[in-house]
Amino acid sequence: MIDVAVIGGGLAGLAAAVDLAQKGRSVAIFEARPQLGGRAWSFPDASGDDIDNGQHLLMGCYSATLRFLRALGTEQLLERMPRMAIPFRKAGGAEAALKAGAMPHPLGLMQAFLGYEFLSMAERMSVLRVAVSLRGLSGEGFDALDAMSAEAWLATSGQSANAVEVLWRPIVLATMNTDVRDASAKLLAVVLREIFLGSADASALLLPARGLSDIFSRPAAVFLEAHGAMIRTHAPVRRCSVTTGGIAVHRDGGEPCVARAVVSALPPWSLRALDGHAAQFGLVDGQLDRFTPSPILSAHFWSRVEIGEYPVTGLLGTRLQWLFSKGRSADGLFRYSCTISDAREIDGLSTEQMEELIKTELSILYPGMHASALARIKLVRERAATFIPSPGMEAHRPASDGGLPGFFLAGDWTDTGLPATIESAVRSGERAASAAHDFLRRT
Ligand SMILES: Cc1cc2nc3c(=O)[nH]c(=O)nc-3n(C[C@H](O)[C@H](O)[C@H](O)COP(=O)(O)OP(=O)(O)OC[C@H]3O[C@@H](n4cnc5c(N)ncnc54)[C@H](O)[C@@H]3O)c2cc1C
């Protein structure tokens, strides 16, 4: 009998499996899809370029993720932006930048906000007041923020409609995949604390320098196989049942696998599809129904003209929100990807309509960019990119244990205290692995 069966081969499942293997446990991992990586994976485009299912941005404060990548030997495949330098561009082409100054951190970061020309001087000062107020947030006051939307909190903190438009909404969309109207103020405060109060290293932006699968899932599979783990893809799990000495994991196309403990690293909407009572998973009836998915649309395009030299550009006043410059493709074209988070409004559009929208918006943002400059475009829709972290949701995010003895939960949606991100997924995986390891030691 193996020690731990992990259900789901996304980053939470992989992090749990790697951690357990490092602790000397025998592990099996069952993934429904043909490949590992879950929502963070890449695939070769017809042109031969590796493209990500969606652009991912990491931060220096992703400590569990960096530990995970160190174990896999791929930490160096993340490029650290030495100092914040993010231009924002409005429809028509006006630009202003958030550019950190040369002063030591955090003063250099403060200089970035003080120099941001899309804000009036009074608005810049009010942004700094929010940063300073974060120091005083703790305990009950901090927890109480979860009852409030980010929009309401920003309004009570004196933020103008313009400051929301050109600064806060882009930050919330990028980190929570939700509009300020629907996002929990507490989670925004968590993000802002890392940006404003963390060390220079913690607030640094990290960009994947290779396809996501080269950084995460392929090296994780190599690591796990080298540690004797069993990896099964095309293996959707249908249910779990208690059996002599352990838990049986029933999947399509194979005998049940009996393990002494199980880590479920499924998103809430997949866990809901498993046969079984909520209590079996440590949940109350209806708890999983509270998690609503929010889509992200990513448009990868290849251009004959260069439209931006910065790795990341914020886009304002258009549906497109961020532009990422990805260097040159094998055939010499300029590669870009742009993102629409919280894409619920346009989710019903056909691929042709979305392409049209993207072309129109690019020509509004970059007046020099005519339709003929666009050599090709590839859209990737992730309908369930992350759950919506609306006010009050923190109370419904489950701990890793509480269900069947030996059954543990992981996933970016569990109660990590973070928005649904890579770091939340990896942290939840490590936590579930530790809980499973302790359980095995005790029994
Ligand atoms: C387009 C996009 C952009 C993003 N951008 C960022 C970003 O910039 N920064 C950031 O930090 N995060 C970002 N995220 C979020 C990040 O990708 C996720 O938080 C993280 O990958 C979630 O990992 P997970 O393991 O919790 O879940 P998942 O990746 O969903 O893994 C769950 C796995 O379980 C499998 N599965 C489902 N049902 C079954 C079953 N019955 N049996 C077996 N296996 C099953 C699934 O196929 C999947 O592989 C982004 C996400 C998307 C989609």
Side-chain angles (χ1 to χ4, degrees), residues 5-17 28-42 51-59 61-62 64-65 68 78 173-177 191 205-208 212-213 216-217 220 231-240 249-254 257 262-276 291 293-300 312 321-322 324 337-343 379-387 389 409-414 416 418-429 432:
V6 176
I7 311 174
L11 299 189
L14 291 173
I29 186 159
F30 298 101
E31 165 56 48
R33 292 197 208 171
Q35 78 284 330
L36 299 172
R39 281 170 271 161
W41 71 297
S42 53
I51 58 177
D52 296 338
N53 65 323
Q55 176 69 46
H56 281 61
L57 201 58
L58 294 82
M59 285 179 69
C61 58
Y62 279 27
T65 308
F68 176 52
L78 295 179
L173 281 167
T175 53
M176 287 188 247
N177 187 23
V191 172
L205 294 180
L206 310 176
L207 280 158
L212 290 171
S213 295
F216 291 102
S217 54
I231 300 176
R232 293 285 179 271
T233 50
H234 299 282
V237 169
R238 299 299 177 204
R239 68 188 173 93
C240 297
V249 173
H250 303 262
R251 63 192 160 109
D252 286 355
C257 164
V262 168
V263 171
S264 159
L266 303 179
W269 28 90
S270 304
L271 185 59
R272 196 165 44 200
L274 291 198
D275 292 340
F291 290 82
S294 175
I296 296 183
L297 173 77
S298 304
H300 303 272
V312 192
Q321 295 150 1
W322 295 96
F324 296 89
S337 108
C338 50
T339 309
I340 303 181
S341 294
D342 191 6
L379 300 185
V380 185
R381 296 179 196 218
E382 282 284 352
R383 290 223 150 86
T386 58
F387 76 91
L409 286 177
D412 61 355
W413 60 286
T414 57
T416 58
L418 301 172
T421 51
I422 289 177
E423 177 65 6
S424 180
V426 174
R427 213 183 270 187
S428 75

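Read the numbers this way: they start at 1 and go in the same order the structure lists the ligands and their atoms.
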Check: At a 4.0 Å threshold, what atoms of ligand 1 neighbour a non-hydrogen atom of A265?
Finding: 32 (C)
Item checked: Shortest heavy-atom approach to atom 41 (N) of ligand 1 - which of V380, I7, V6, V237 -> V237
Next item on the list: Indicate yes or no: does an N/O atom of A385 lie under 3.5 Å from an N/O atom of ligand 1?
Entry: no
Check: With atoms numbered from 1 as shown, which atoms in ligand 1 lie under 4.0 angstrom from a non-hydrogen atom of L11?
Finding: 25 (O)
Check: Which atoms of ligand 1 have any heavy atom of I422 under 4.0 Å away?
Finding: 10 (C), 11 (O), 12 (N), 19 (O)
Next item on the list: Flag E382 as yes when one of its N or O atoms lies below 3.5 Å from any N or O atom of ligand 1, and as no otherwise.
Entry: no
Margin query: If I apply the N/O under 3.5 Å rule, does A12 come out as touching ligand 1?
Written below: yes
Check: Does T233 use its side chain to pair, donor to acceptor, with the backbone of E31 at less than 3.5 Å?
Finding: no
Item checked: Sub-4.0 Å heavy-atom approach of M59 to ligand 1 -> no
Check: Is a side-chain donor or acceptor of W269 paired with a backbone partner of F291 at a separation under 3.5 angstrom?
Finding: no
Item checked: N53, any N or O under 3.5 Å of ligand 1 N or O -> no
Note to self: Quick test: of every protein heavy atom, which one is nearest to atom 2 (C) of ligand 1, and how far off is it to 0.1 Å?
What the structure shows: I296 CD1, 3.6 Å
Notebook entry, point to check: Taking non-hydrogen atoms only, is H56 closer than 4.0 angstrom to ligand 1 via side chain, backbone, both or neither?
Noted result: both
Next item on the list: Quick one: look up the protein heavy atom nearest atom 48 (C) of ligand 1 and list residue, atom name and how far away it is.
Entry: E31 OE1, 3.4 Å
Notebook entry, point to check: With a 4.0 Å cut-off on heavy atoms, is W413 touching ligand 1?
Noted result: no
Check: Which part of A420 is near ligand 1, with near meaning a heavy atom under 4.0 Å away: side chain, backbone, both or neither?
Finding: backbone
Item checked: Identity and separation of the nearest protein heavy atom to atom 36 (N) of ligand 1 -> L266 CD2, 3.5 Å
Next item on the list: Could you tell me whether some N/O pair between E423 and ligand 1 is separated by less than 3.5 angstrom?
Entry: no
Note to self: Tell me whether L57 reaches ligand 1 (any heavy atom closer than 4.0 angstrom to a ligand atom).
What the structure shows: yes
Notebook entry, point to check: At a non-hydrogen distance cut-off of under 4.0 Å, which region of Q55 contacts ligand 1 (side chain, backbone, both, or neither)?
Noted result: backbone
